[in-house]
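Structure record follows, encoded as structure tokens.
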Amino acid sequence: MILSSSAQTYTGGCHCGAVQFQVRIADFTAIDCNCSICQKKGFLHCIVEPDQFQLLQGQESLSTYTFNTGQAQHLFCRHCGIHAFYHPRSHPGKIDVNLRCLDKVKLTDFVIQPFDGRNWEANIGAIAERETFN
């Protein structure tokens with residue numbers, strides 16, 4: 001379900017401000033995954049095409065964490081530890097932005113869909129079939 005008929009551009013970043021970005025969002029649907037890393041990070045997923053995302057500053061402040069298959073590139077600020085965006089395993093070539101790291105965002109403007117990431121392999125088809133969320 002889309003709650004807005006027009007795309008919005010947001011700025012966002014990490015807690016300390018070292019990493020800042022801009023993202024254009026057209027589909028106001030996000031995923032709340034309960035896998036071990038997403039639940040602990042509090043990540044609300046908004047997956048966009050790379051041309052809808054621009055890193056404004058902080059490339060040198062980003063560190064990468066990988067686990068399991070190593071496909072997902074979990075980026076975080078090496079100063080404050082915030083995971084504002086990453087390259088997801090579920091949608092190779094896309095950018096996955098944490099809605100909670102956007103400035104002036106109203107989470108109530110988004111439809112938040114739960115995803116059973118604890119059983120990722122059995123459930124990935126439910127979200128992977130969507131080419132993109134935005």
Side-chain angles (χ1 to χ4, degrees):
M1 176 184 351
I2 298 173
L3 296 179
S4 175
S5 60
S6 61
Q8 298 264 352
T9 300
Y10 296 93
T11 57
C14 66
H15 187 257
C16 71
V19 176
Q20 295 181 19
F21 61 87
Q22 180 175 293
V23 63
R24 186 160 176 80
I25 298 173
D27 176 351
F28 290 77
T29 303
I31 294 173
D32 185 6
C33 177
N34 69 354
C35 79
S36 61
I37 193 166
C38 293
Q39 186 170 359
K40 288 180 184 281
K41 289 193 298 186
F43 210 102
L44 286 178
H45 302 265
C46 185
I47 300 170
V48 299
E49 294 288 341
D51 65 353
Q52 301 300 302
F53 179 88
Q54 181 182 10
L55 183 62
L56 301 174
Q57 72 177 42
Q59 180 67 46
E60 70 286 350
S61 295
L62 291 171
S63 289
T64 303
Y65 171 69
T66 61
F67 64 97
N68 195 7
T69 67
Q71 290 178 301
Q73 302 293 305
H74 296 269
L75 302 169
F76 62 95
C77 175
R78 64 182 177 88
H79 305 291
C80 66
I82 296 299
H83 295 241
F85 66 94
Y86 78 108
H87 303 282
R89 175 181 171 198
S90 63
H91 293 78
K94 309 282 194 265
I95 305 290
D96 193 344
V97 175
N98 187 350
L99 289 185
R100 290 189 167 110
C101 290
L102 299 180
D103 303 325
K104 300 179 183 176
V105 70
K106 293 180 188 175
L107 294 181
T108 56
D109 288 344
F110 289 80
V111 173
I112 310 296
Q113 298 176 334
F115 174 70
D116 183 8
R118 289 184 184 150
N119 299 294
W120 199 89
E121 298 296 339
N123 295 309
I124 189 56
I127 61 170
E129 37 185 63
R130 288 187 75 175
E131 181 67 21
T132 184
F133 287 87
N134 296 287

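A quick note: this is a predicted structure, and the numbers were derived from the prediction, not measured.
Side-chain contact between C46 and I25 is present, with heavy atoms from C-beta onward closer than 4.5 Å. Side-chain contact check for C101 versus I82: some heavy-atom pair is nearer than 4.5 Å. Counting only heavy atoms from C-beta outward, the side chains of T29 and I112 never approach each other to under 4.5 Å. Contact annotation: the side chain of T9 approaches that of Q22 to within less than 4.5 Å [non-hydrogen atoms, C-beta and beyond].
Distance SG/C35 to NZ/K40: 11.0 Å, rounded to 0.5 Å. Rounded to the nearest 0.5 angstrom, C33 SG and H45 NE2 are separated by 5.0 Å. Atom CD1 in I47 sits 14.0 Å away from atom CD in Q52 (nearest 0.5 Å). Once rounded to the nearest 0.5 Å, the distance linking CG of D32 with CZ of F43 reads 11.5 Å. Here N68 contributes atom CG and I37 contributes atom CD1; the two are 11.0 Å apart, rounded to the nearest 0.5 Å. Interatomic distance, NZ of K106 versus CD of Q8, reported as 9.5 Å (0.5 Å rounding).
Of the possible donor and acceptor atoms, one in the side chain of Q57 sits under 3.5 Å from a partner among the backbone N and O of G17. Judged by distance alone, the side chain of R118 and the main-chain N or O of S36 form no donor-acceptor pair under 3.5 Å. Between the side chain of R78 and the backbone N or O of E60, at least one donor-acceptor pair lies under 3.5 Å.
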Check step by step if side chain to side chain contact (heavy atoms under 4.5 Å, CB included) holds for N98 and K41.
CA-CA 10 Å; N98 187 350; K41 289 193 298 186; 5.7 Å; no

Evaluate the side-chain hydrogen bond (donor to acceptor under 3.5 Å, both in side chains) criterion for residues Q73 and R89: first the C-alpha distance (whole Å), next the side-chain angles of each, then the deciding distance (0.1 Å), finally the verdict.
CA-CA 8 Å; Q73 302 293 305; R89 175 181 171 198; over 6 Å; no

Yes or no on side chain to side chain contact (heavy atoms under 4.5 Å, CB included) for L44 and V97, after CA distance, side-chain angles and deciding distance?
CA-CA 8 Å; L44 286 178; V97 175; over 6 Å; no

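Nearest heavy-atom pair, H15 versus C80, reported as atom, atom and distance to 0.1 Å: N-SG, 3.4 Å. Heavy-atom minimum distance, A30 versus L99: CB-CD1, 3.4 Å. When all heavy atoms of G42 and R100 are compared, the pair lying nearest together is O-NH1, 2.6 Å.
A continuous path of ILVMFWY side-chain contacts below 4.5 Å connects V23 to L75, so both sit in one hydrophobic cluster.
Checked against the 6.0 Å centroid criterion, the rings of H74 and F76 do not qualify as a close aromatic pair.
Using cut-offs of 30° and 60° on the angle between ring planes, the pair F28 and Y10 is perpendicular.
When the ring pair (Phe, Tyr, Trp, His ring centres under 6.0 Å) test is applied to F21, the partners found at least two apart in sequence or on another chain are F53, F85.
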